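Encoded as structure tokens, the structure appears first; notes follow it.
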Amino acid sequence: MQDAVKSMLTAEAAGRPSPPDWVYVNNFADQEKPIAIELPASRAPEFHEAMHKLIDDLKSALPAVFQSEDYQTRQSAIDESFHKHQSEGFSALRDKAAEKNIAVLRTPLGFALAPTKDGQVVPPDEFNAWPEAKRREVQTVIEALEKDLEHIVHQIPRWEKQRRDEARQLGRDTAKYAVDQLIEDTKDTFKDIPRVVQHLETVRADLIENFDVFVARGSEGERETLEIKTGGPFDRYEVNVLVTQDGAKPVPIVEELHPALGNLIGRIEHIPLNGALLTNFRLIKAGAIHRANGGYLLLDARSVLLEPFSWAALKRTLRRGEIAIEDIGRFLGLTSTVSLQPDPIPLKLKVILFGERILYFLLAALDPEMTEHFKVLADFENDLPRTPENEAILARLLATLARREGLAALDRDAVALVLEHAARSAEHSGKLSLIVEQLRELLIEADYCAREAKRSVILRSDVDSALTARIRRAARLRDRTQEAILEKVALIDSVGMHVGQINGLSVTELGGFSFGRPARITCQVRPGSGKVVDIEREVELGGPLHSKGVLILSGFLAGRYALDTPMSLFASLVFEQSYGGIEGDSASSAELYALLSALADVPLRQDLAVTGSVNQHGEIQAIGGVNEKIEGFFDICEKRGLTGAQGVLIPQANVQHLMLRKDVLDACATGRFAVYPIATLNEGIALLTGLAAGERGPDGTYPLDSVNRRVEDRLRAFASVRRSFTNQNNGGGTPAS
């Protein structure tokens, strides 16, 4: 199915322009909210390379321009101006202090003022020996000078700030000189994309503001460790190419095989560093929806439903019309690390869900949003009519599969056998299976057989060997079942006649392999209240469909026999030696034959097996697995020895489904085995008993010695017995109700 859908989409996508590229860049205003930029198809890698080259060029250009003679001269001038302000201020203070015999001293704790005498600082002991008036006079002078000193000291931070501002502005001007030309060259390449030009202007401003990152770096060891983990300080200018398209190719067709939440809508990765989890815009990874945006996304419905949160996230994305990356860890409260909120990306996408029909019907019934988002249903056929034209189409498909898988070519007879297998897989002689994967696997195994035989062409015998080998590998349970019958552990008669006993047929399917097996059905009858007991249902081994089939038998009896007499029957039906569940109504005709045999006391042929359901009018209805059922009984008869009398009764409506094995067809052609199509119960009971079923005459009775006459007479007898028994219990009065 996926291959068919892809082929249709490929044709639909042809000629349509490629969707745009998308990148994420750093948001210099808020780094937790990366910016998404749309570019024309195939331009994202170019943008990425241009920004990478820009930063590489700046790594060389900026340090060089800051080491230039002009920059050094201007930086020295700024430093000299700062030192000149300091020097002039302190020189003026020293001159003023010297006039008053006061010295300005620099100490480890700052600046200090001290009296002088003859150009020398007066020691404290000598100063304390001066007269009080002179000391007070000197102290007054020092206090006045201290105010001047304090003013100068307070000016120093302002001068220092002025120096830093001038140096910073010089750095900006110098960086701008180096950055402008490189930015302009890059802008010229992307002048047709306004969002890129806008981002480059933002990058220019940030580069000029943070030029020191390129000039002054941390210690080499620390820097190397950090860059290995986080990519270094320059990566904030890089470009994260989220998704890029080949402009020469049509719109993308993406199939996501593992639609986990992160694989579907994208994810944000984290890097562990010193016990913390770090992330940035470079760690945003695209999901399948990003890669398919502008085209088509194929998803297996079962896979999406099995992944937690994916189905709900897919519907949210479709409803919002944009792709927003969701961190499920934050929703569940599992992590408290810093994460990102990337810009959502506009969604323009067709999503194709494929899967089993039952999934669609369940979703449509249980999820009211299903039909809102997925409005178009395409229910693919599993088969196509078997016409010469379609056989030729399928033959060409086989040739395509062989060529695609690098297999040998098939000859005419090999193709014919594969077509027969396709009809058998479709369970209809007039149809061909369209399940390509099964045909592909058969061709691969047939090719192996041909190569083992040193042939360059696949022959019919190679296909037959492949089919036989596949059955042999899967048939262990079938072989054990047949072994139990042949060793009489499971009691199945294939010769003789017995009353109330018949061979029914069922199908077992395990691991893709189906096989039929006979099962003995028996019936016991006696007078009663008109109840047909299904022992399988009573012990809860019978499913509802099987129970329905048995209840139909009661309706058939009540509508055909002894219409003027109350139903006074007690009958029990059972599948002998059945220890598992039984489901389906395909054995209801066999059960009815056994019931009629028990009532009429007429033996049934054990060399015949029966399949088919029956309705209340005695019409035999079609069932499934008819080929496997016939072959299952044939295998038992063949191993015991074919007598020519053995065969299987099938519904006439199932004749069109017959696609039997060659050995079964050969046995039927030579009269050693038979398949009898039956339309009504009367046909079947006549074949099984050798007696005429009988039709009601003008007088309303069945012919003497017919099966139906015997059944009706037996039911009337049961009614008489019940009436007599009731009268006895009531003392000859009115029968109890």
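Since the model is a prediction, treat every value here as computed from it, not as a measurement.
No donor-acceptor pair closer than 3.5 Å links the side chain of S597 to the backbone N or O of Y593. Formation of a donor-acceptor pair under 3.5 Å by the N708 side chain with backbone atoms of G694 is found in this model. Using a distance-only test at 3.5 Å, with no hydrogens or angles considered, a donor-acceptor pair links the side chain of T400 to the main chain of R396. In terms of modelled atom types and a separation under 3.5 Å, the side chain of R605 and the main chain of G690 share no donor-acceptor contact. Judged by distance alone, the side chain of R696 and the main-chain N or O of R560 form a donor-acceptor pair under 3.5 Å. Between the side chain of R455 and the main chain of A450, no donor-acceptor pair closer than 3.5 Å is present. With hydrogens and angles ignored, the 3.5 Å screen pairs a side-chain donor or acceptor of N390 with a backbone N or O of P385. In this structure, the side chain of S589 engages the main chain of G612 through a donor-acceptor pair within 3.5 Å. With R440 contributing its side chain and E405 its backbone, the two residues share no donor-acceptor pair below 3.5 Å.
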Could you walk me through whether D300 and R302 pass salt bridge (charged side-chain N to carboxylate O under 4.0 Å, His left out), step by step?
CA-CA 6 Å; D300 185 331; R302 181 185 296 275; 5.6 Å; no
Let me see the working for E628 and F515 under side-chain contact (heavy atoms from CB on, under 4.5 Å), right down to the final yes or no.
CA-CA 5 Å; E628 290 81 1; F515 64 93; 5.7 Å; no
Checking D705 against R709 for the salt bridge (charged side-chain N to carboxylate O under 4.0 Å, His left out) test, could you report, in this order, the C-alpha distance in whole Å, the side-chain angles of both residues, the deciding distance, and whether it holds?
CA-CA 6 Å; D705 209 30; R709 178 63 176 267; over 6 Å; no
Checking L595 against C523 for the side-chain contact (heavy atoms from CB on, under 4.5 Å) test, could you report, in this order, the C-alpha distance in whole Å, the side-chain angles of both residues, the deciding distance, and whether it holds?
CA-CA 6 Å; L595 176 57; C523 178; 3.6 Å; yes
With side-chain contact (heavy atoms from CB on, under 4.5 Å) as the criterion, how do V463 and E420 come out once you've worked through the C-alpha distance, each side chain's angles and the decisive distance to 0.1 Å?
CA-CA 11 Å; V463 177; E420 291 178 19; over 6 Å; no
Starting from the C-alpha separation in whole Å, work towards a yes-or-no answer on side-chain hydrogen bond (donor to acceptor under 3.5 Å, both in side chains) for R517 and T481.
CA-CA 8 Å; R517 59 190 183 95; T481 301; 5.3 Å; no
Go through it in stages, so that I can follow the logic: the residues are N682 and T680, the test is side-chain hydrogen bond (donor to acceptor under 3.5 Å, both in side chains), and I'd like the CA-CA distance, side-chain angles, deciding distance and then a yes or no.
CA-CA 5 Å; N682 285 349; T680 64; 5.3 Å; no
Worked check of side-chain contact (heavy atoms from CB on, under 4.5 Å) between F718 and V525:
CA-CA 10 Å; F718 284 170; V525 296; 4.2 Å; yes
Under the salt bridge (charged side-chain N to carboxylate O under 4.0 Å, His left out) rule, what do R424 and E631 come out as? Steps first, then yes or no, please.
CA-CA 13 Å; R424 181 179 173 91; E631 291 165 356; 2.7 Å; yes
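Results of the side-chain contact (heavy atoms from CB on, under 4.5 Å) test with R710 over D601, L715, L691 single out L691 as the only residue that passes. Under the side-chain contact (heavy atoms from CB on, under 4.5 Å) test applied with L305, the options L359, D367, L299 reduce to a single match, L359. Among Q501, E591, E576, the one residue that satisfies the side-chain hydrogen bond (donor to acceptor under 3.5 Å, both in side chains) test with T522 is E576.
For H617, the NE2 atom is loosely surrounded, since the number of other residues' heavy atoms within 6.0 Å does not exceed 12. More than 12 heavy atoms of other residues, nucleotides or ligands shown are found within 6.0 angstrom of CZ on R480. Few gaps surround CD on Q656; more than 12 heavy atoms of other groups in view lie less than 6.0 Å from it. Shown here is Y448, whose OH atom has no more than 12 heavy atoms of other residues, nucleotides or ligands within 6.0 Å.
In this structure, F633 and L505 have side chains that are in contact, with non-hydrogen atoms separated by less than 4.5 Å. Residues K629 and I623 are in side-chain contact: their nearest non-hydrogen atoms beyond the backbone lie under 4.5 Å apart. The closest side-chain heavy-atom distance from L407 to I444 is below 4.5 Å. Using a 4.5 Å heavy-atom threshold, the side chains of S572 and Q524 count as touching. F354 places a side-chain heavy atom less than 4.5 Å from the side chain of E255. Counting heavy atoms from C-beta on, the side chains of I650 and I620 never come closer than 4.5 Å. I630 places a side-chain heavy atom less than 4.5 Å from the side chain of F673. L604 has its side chain within reach of Q606: a pair of non-hydrogen atoms, C-beta onward, lies under 4.5 Å apart.
Taking CG of N503 as the reference point, atom CG of L608 lies at 9.0 Å (rounded to 0.5 Å). Note that CD1 of I485 and CG of D493 are 11.0 Å apart. Values are rounded to the nearest 0.5 Å. Going from atom OG1 of T611 over to atom CG of N654 covers 7.5 Å, rounded to the nearest 0.5 Å. Once rounded to the nearest 0.5 Å, the distance linking CG of D447 with CG of D462 reads 8.5 Å. Taking CD1 of I502 as the start and CD1 of I521 as the end, the distance is 7.0 Å to the nearest 0.5 Å. Taking CD1 of I435 as the reference point, atom CD of E441 lies at 10.5 Å (rounded to 0.5 Å).
Salt-bridge check for K639 with D635: failed, with every basic side-chain N at 4.0 Å or more from each acidic carboxylate O.
The minimum heavy-atom distance between L419 and L432, with the atom names listed, is O-CD2, 3.6 Å. The two atoms that bring L366 and P368 nearest to each other are O-CD, 3.6 Å, heavy atoms only. Residues R460 and A416 share a closest heavy-atom pair of NH1-CB, 4.2 Å. The shortest non-hydrogen separation linking V602 to V499 is C-CG2, 3.8 Å. Nearest approach of C449 to A466, heavy atoms of both residues: SG-N, 4.2 Å. Closest heavy-atom contact between F634 and A667: CE1-CB, 3.5 Å.
Between Y561 and F556, the ring planes are perpendicular. Angles over 60° get that label, and only those under 30° would be called parallel.
Among pairs with a residue in residues 463-477, those fulfilling side chain to side chain donor-acceptor pair (under 3.5 Å) read E445-R473, at least two apart in sequence or across chains. Residue pairs that meet the side chain to side chain donor-acceptor pair (under 3.5 Å) test with at least one member in residues 377-386, sequence neighbours left out, are R357-D379, R386-E391.
Among residues two or more places apart in sequence or in another chain, the ring pair (Phe, Tyr, Trp, His ring centres under 6.0 Å) test is passed with H428 by H657.
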